[in-house]
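In what follows, a single structure is set out as structure tokens and then discussed.
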Amino acid sequence: MSAANSDLRVVIAGAGGRMGRTLIHAVAATKGATLAGAVDAPDSAVIGRDAGELAGLGRNGVVVAGDAAPLLRSADVLIEFTIPAATLVYHIFGTTGHSAEEDALIAKAAKRATIVKSGNMSLGVNLIAALVKRVAKTLNDDYDIEIVEMHHNKKIDAPSGTALMLGRAAAEGRGIDLKQHAVRGRDGITGARCAGDIGFASLRGGTVVGEHSVIFAGPAERVELTHRAEDRMIFARGALHAALWARGKKPGFYTMADVLGLKDF
């Protein structure tokens with residue numbers, strides 16, 4: 001059987017976390033994919049445990065390791081929802097909150113590896129991002145743009161990577177630089193809203209998987225684009241969709257817009 005027709009051999013990083021366990025489930029349920037390895041931090045309590053048991057699937061013979069490098073030698077792809085890794089075959093990033101230095105390392109790695117990175121791996125969210133860009137381009141500055149997001153009480157970064165992704169889509173549609181127009185966390189006497197601002201509001205509480213709304217507030221009317229995530233499995237399925245798409249692609253940096261054919265939408 002040729003490599004192109006064989007199962008995609010997947011290594012899951014952060015196997016002991018919520019997304020890691022969800023990804024193990026998703027791999028088991030995806031035709032054309034097989035779990036080739038699972039890895040977590042070297043000091044994690046899950047090192048040495050069976051990945052299938054950890055995910056509630058029963059034993060699958062894949063033991064959680066503390067070092068990704070040996071696993072990658074016999075794998076096709078590493079799917080990562082934790083932190084950037086240095087050794088890459090090709091790599092699917094669903095991580096948010098990267099520093100500028102980490103993003104620079106990822107860009108450097110893309111010169112020798114196939115990397116797909118997105119602030120959100122959901123197929124629906126990436127379609128919303130394309131729609132946000134189109135609406136922002138169509139509606140003029142009379143329509144103020146505000147982005148509201150809510151997540152569970154364990155999330156450590158704000159605004160969410162998805163909110164920022166939607167903000168970048170809106171800014172691109174308007175032909176402006178998001179860094180120059182983003183307004184976060186208004187408080188106190190802020191003065192009137194400046195034309196062209198893109199506002200962000202972050203809510204945290206309970207077990208909310210993820211909700212995002214982009215509001216275009218114009219004279220006497222309001223247009224809202226909203227996505228609500230009900231289960232983390234949507235991110236896992238999206239990551240595997242990206243992994244299967246990326247197989248055989250030349251080294252480079254790709255996004256979910258490339259995966260879904262939305263680059264020129």
Side-chain angles (χ1 to χ4, degrees), residues 4-41 44 46 49-65 68 71-72 74-85 88-96 114-128 151-152 154-155 160-162 165 207-212 227-249 254-260:
N5 294 322
S6 62
D7 281 352
L8 182 73
R9 298 163 299 178
V10 181
V11 173
I12 301 299
R18 286 174 298 185
M19 272 309 307
R21 298 178 197 216
T22 302
L23 282 161
I24 293 168
H25 268 275
V27 171
T30 300
K31 184 178 180 180
T34 188
L35 188 65
V39 65
D40 213 308
S44 171
V46 303
R49 290 189 58 184
D50 184 274
E53 280 190 341
L54 193 64
L57 295 171
R59 296 184 66 83
N60 62 10
V62 176
V63 176
V64 180
L71 302 176
L72 294 176
S74 58
D76 295 309
V77 59
L78 174 67
I79 298 182
E80 170 75 86
F81 276 77
T82 52
I83 58 173
L88 304 167
V89 178
Y90 71 85
H91 199 133
I92 310 300
F93 277 114
T95 318
T96 63
T114 305
I115 293 177
V116 179
K117 183 176 182 290
S118 177
N120 191 305
M121 286 291 170
S122 156
L123 305 186
V125 160
N126 284 278
L127 177 58
I128 287 285
H151 285 82
H152 54 87
K154 306 298 183 185
K155 187 168 178 62
S160 69
T162 301
M165 180 177 77
T207 58
V208 178
V209 174
E211 295 187 7
H212 295 85
H227 181 273
R228 295 184 178 91
E230 298 176 353
D231 192 303
R232 286 182 178 81
M233 185 58 75
I234 65 171
F235 310 126
R237 292 194 191 106
L240 282 168
H241 184 90
L244 290 164
W245 174 88
R247 192 178 203 183
K249 295 290 188 297
Y254 301 91
T255 69
M256 287 296 284
D258 295 302
V259 175
L260 299 176

Look up atom CG in N60 and atom CD in E53, then write down how far apart they are to the nearest 0.5 Å. 8.5 Å
Is there side-chain contact between D231 and V209, with heavy atoms separated by less than 4.5 Å? no
Determine whether R49 and D40 make a side-chain contact, defined as any pair of heavy atoms from C-beta on separated by less than 4.5 Å. no
Within this structure, what is the NE2-CD distance for the pair H151 and E211, rounded to the nearest 0.5 Å? 9.0 Å
Would you name the heavy atoms of R59 and D50 that are closest together and state the gap between them? CA-OD1, 3.2 Å
Atom OG1 in T162, atom NE2 in H227: separation rounded to 0.5 Å? 9.0 Å
Nearest heavy atoms of G16 and L54, plus distance in Å: CA-CD2, 3.8 Å
On a heavy-atom basis, the closest approach of A36 and S74 is CB-O, 4.5 Å
Note, T22 side chain near F235 side chain (heavy atom, < 4.5 Å): no
Where L71 and V39 come nearest, the two heavy atoms and their spacing: CD1-CB, 4.2 Å
If you take all heavy atoms of N126 and A257, which pair is closest and at what distance? OD1-N, 4.5 Å
Are L127 and L260 packed together at the side-chain level, in the sense that at least one heavy-atom pair is separated by less than 4.5 angstrom? no
Distance col, row K155:NZ vs S160:OG, nearest 0.5 angstrom, shows 5.5 Å
Atom NZ in K154, atom OG1 in T207: separation rounded to 0.5 Å? 11.0 Å
Is R247 close to L8 at the side-chain level, that is, under 4.5 Å between some pair of heavy atoms? yes
Pairwise distance CD1(I24) to CD1(I79) - rounded to 0.5 angstrom: 11.0 Å
Quick check against the 3.5 Å criterion: does T34 have a side-chain atom that pairs as donor or acceptor with the backbone of D7? no
Do L123 and M256 have side chains that approach each other closer than 4.5 Å (heavy atoms only, starting at C-beta)? yes
Is there a side-chain contact between M165 and V125, using heavy atoms and a 4.5 Å cut-off? yes
Would you indicate whether the side-chain heavy atoms of Y254 and V259 approach each other to under 4.5 Å? no
If every non-hydrogen atom of D258 is compared with every non-hydrogen atom of W245, which pair is closest and at what distance? O-CZ2, 3.7 Å
